[in-house]
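Below you'll find the structure, written out as structure tokens, and then a few comments.
Because the structure is a prediction, the values reported are computed rather than measured. What's counted below: heavy atoms across the whole structure, side chains too, no hydrogens, waters or symmetry copies.
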Amino acid sequence: MLKVKINNKKYKVEEHATILEACLENGINVPTLCYLEGVNQIGACRLCMVEIKGYDNLFAACKTLMKDGMEITTESDRLTEYRKEMLELILSNHNRDCMSCPGNGDCRLQYWCNEYDVEDTEYKGSRNEIEKTIPVLKDNPYLTYNPSKCIHCQRCIGACSMKAVNGALRNGRTGVFHIVDAPFGPDWKKSKCESCGNCAAACPTGALTLKRQKNYKEWEVEKVLTTCPHCATGCQFNLLVKDNEIVDVEGVDGPSNHGLLCVKGRSGSFDFVNSPDRIRTPLIKNKETGEFEEATWDEAIKYTAEKFMELKDKYGGESLAGFACSRSANEDCYMVQKMVRTCFGSNNTDNCARVCHSATVAGLAKTLGSGAMTNPIYDITHDVDCILLVGSNPEEAHPVVGMQIRKAVKFGKTRLIVVDPRDIGVTKFADVHLKLRPGTNVAFANGMMNVIINEGLQDQEFIDNYTEDYEKIKELVKDYTPEKVGEICHIDPEMLIEAARMYAIAEKAPIIYCLGVTLYWNRGSYEHVQSRSFNW
């Protein structure tokens, strides 16, 4: 810990922390526009400049590391005048039609201009000339980029490159003027953009926005925390509710998504709530006319409960069952089984996940004691040495997990083995890609064990202390040589050997798989499985 002074108060701060990080940790507000924690620390906006005792020049707080004994001033007359100057320079190239801007009320530039009483600027930028050559890009169905409102902070580029790890947004230039090369024009479908909207969430102004943002202002909405209903990643987000209607979502720092969302979570998770096709009133069939008639909720719930109890009294609790949807939250699934067991007096309760993942549930329960994931998502995508990805396309089925896998491989020490007959997106990050013939997953697994055992790469001490029937599995896989498996799976035996060694010598090596492995494969089923929306 370092001993420092900030605004004449003594603090202890972490070594290697920047001045800005130390200030934020201790509740000291330093203005900034371009800073994005863990993503963007380029010091472009110059608003976070601070004074350091012993130096005449100012320092960017987001880029300057703390040193023991350092004395820092974050607010002074000099800093106020400097920040006003910076804001006026930014405004000189900024389209200031705030009233019609989607970012109005949620704009950091607007906020800091209000804080420092900056209403206008005497500087004349080149914005008007730029607007003539760079149109507003709005062909993407979800996102819009207005270059006239861009302050060149590069937060969107950082979010795309460092958080989503997609690299669809890049730096560009028109003459001496910096622009964001955003792929939202007529050729947006040909770009790498996944329309996840993490760039728009990072934008501090109204330059890069979701199109639906124009339908509300920040002060008009109420925020309701919930979980994304699409896949089982469990991304947390706030529903933005205006006049009792969901108008948008925003990602929050949940344990599995850490603020990230995908296009499904951000742009496909709530429109159906207000769909005109939804039945909004309970209906009970009139037995005389055969037609459904509207009823109150109390009437419908009472009618349903009475019918259930009539069946129970007549045929017994075993005649009733409850089946929960895989899109339901854990709490809803819990209530279903609770109702079945306590009210129906039956154990006949089930969930779609058990049906799809029956092989997974049985296998994991038998080998590890629980038929579910063994680790949280953070564990399998952070600080790991090797990922074995089998029969799973996380970029499409679980995009936020896919983003984290891309980050682990691109910016970490993680090596990636992809086992999939398809050329999925993450294969371009893979160290090894084994394109198995569909339906040969068991032979592949046996081949991996054959190599590991024959080369003595197994953890024999762990096997002796914590496993049963090792000799049986050793005997089972001894005939699955790389050459035999290569013939069965239609893969290069040397690639199998390389994958086995890479996985076995890794200290931390999760196996990530999806329904591509667990479903029963029969003739013609592969095309069906490819077109499915896989659940985790």
Side-chain angles (χ1 to χ4, degrees), residues 256 357 359-392 394 401 404-405 407-420 426-427 429-434 436 440-486 488-489 491-514 516-518 536:
S256 62
H357 284 281
T360 298
V361 172
L364 289 177
K366 187 172 184 178
T367 57
L368 299 174
S370 174
M373 283 178 63
T374 57
N375 292 69
I377 291 168
Y378 186 90
D379 282 4
I380 61 177
T381 57
H382 292 77
D383 190 29
V384 292
D385 302 295
C386 181
I387 294 174
L388 179 59
L389 187 70
V390 187
S392 174
V401 177
Q404 294 178 66
I405 290 174
K407 185 174 182 178
V409 176
K410 188 171 182 179
F411 299 115
K413 62 179 181 179
T414 307
R415 307 182 78 176
L416 177 63
I417 303 168
V418 175
V419 183
D420 201 299
V426 292
T427 54
F429 296 93
D431 295 274
V432 176
H433 180 199
L434 297 172
L436 303 185
T440 61
N441 299 297
V442 174
F444 154 75
N446 289 342
M448 289 279 285
M449 287 188 283
N450 177 283
V451 175
I452 292 171
I453 292 171
N454 286 339
E455 297 194 3
L457 301 175
Q458 73 274 27
D459 186 343
Q460 194 62 46
E461 182 181 355
F462 181 91
I463 292 171
D464 293 339
N465 291 331
Y466 299 104
T467 68
E468 300 173 350
D469 295 332
Y470 169 67
E471 293 302 323
K472 291 182 180 180
I473 197 72
K474 184 177 179 181
E475 178 67 21
L476 174 68
V477 304
K478 72 176 184 179
D479 294 332
Y480 284 87
T481 63
E483 291 72 26
K484 179 179 179 179
V485 173
I488 295 172
C489 300
I491 59 174
D492 184 347
E494 293 300 320
M495 295 284 281
L496 177 68
I497 294 172
E498 183 179 356
R501 290 171 177 169
M502 189 180 297
Y503 177 78
I505 65 175
E507 183 178 348
K508 302 174 184 177
I511 300 173
I512 303 175
Y513 63 95
C514 204
V517 179
T518 58
W536 184 265

So which atom in [X] and which in [Y] form the shortest heavy-atom distance, rounded to 0.1 Å?
X	Y	result
D379	V384	O-CG1, 3.2 Å
S392	Y513	CB-C, 4.0 Å
P493	G486	CG-CA, 4.4 Å
Y470	T467	CB-OG1, 4.3 Å
V409	F429	CG1-O, 3.4 Å
A430	V418	CB-CG2, 3.7 Å

Would a 4.5 Å heavy-atom cut-off, applied to side chains only, mark [X] and [Y] as touching?
X	Y	result
L388	L416	no
I377	M373	yes
I512	I387	yes
D385	R415	no

Original post:
Can you check side-chain contact (heavy atoms from CB on, under 4.5 Å) on I417 and L389, steps first, answer last?
Top reply: CA-CA 6 Å; I417 303 168; L389 187 70; over 6 Å; no
Nearest 0.5 angstrom please: [X] [atom1] to [Y] [atom2], how far?
X	Y	atom1	atom2	value
Q458	M449	CD	CE	12.0 Å
D469	L476	CG	CG	11.5 Å
Q404	S256	CD	OG	7.5 Å
N465	Q460	CG	CD	10.0 Å
N454	K474	CG	NZ	8.5 Å
L368	L364	CG	CG	6.0 Å

**OP:** Please list, chain by chain and in numerical order, all residues satisfying side chain to side chain contact (heavy atoms under 4.5 Å, CB included) with A445, sequence neighbours excluded.
**Re:** none
Original post:
Is it true that a side-chain atom of T440 and a backbone atom of L436 form a donor plus acceptor pair closer than 3.5 Å?
Top reply: no
**OP:** Walk me through it: do E475 and K478 pass the test salt bridge (charged side-chain N to carboxylate O under 4.0 Å, His left out)?
**Re:** CA-CA 5 Å; E475 178 67 21; K478 72 176 184 179; 2.8 Å; yes
Subject >> Single hit among D492, I491, V390, D420 for side-chain contact (heavy atoms from CB on, under 4.5 Å) with L434 >> reply: I491
Donor-acceptor contacts under 3.5 Å from residues 497-505 side chains, at least two apart:
residue	atom	partner	partner atom	Å
R501	NE	E455	OE1	2.9
R501	NE	E455	OE2	3.2
R501	NH2	E455	OE2	2.9
Y503	OH	A509	O	3.3

Original post:
Going by atom types alone, do N446 and N450 pair a side-chain donor with an acceptor below 3.5 Å?
Top reply: no
**OP:** State whether the number of non-hydrogen atoms from other residues, nucleotides or ligands found under 6.0 Å of K484 atom NZ is greater than 12.
**Re:** yes
**OP:** Decide if atom OH of Y378 counts as having more than 12 heavy atoms of other residues, nucleotides or ligands within a radius under 6.0 Å.
**Re:** no
**OP:** Indicate yes or no: does K413 engage D383 in a salt bridge with an N to O separation below 4.0 Å.
**Re:** yes
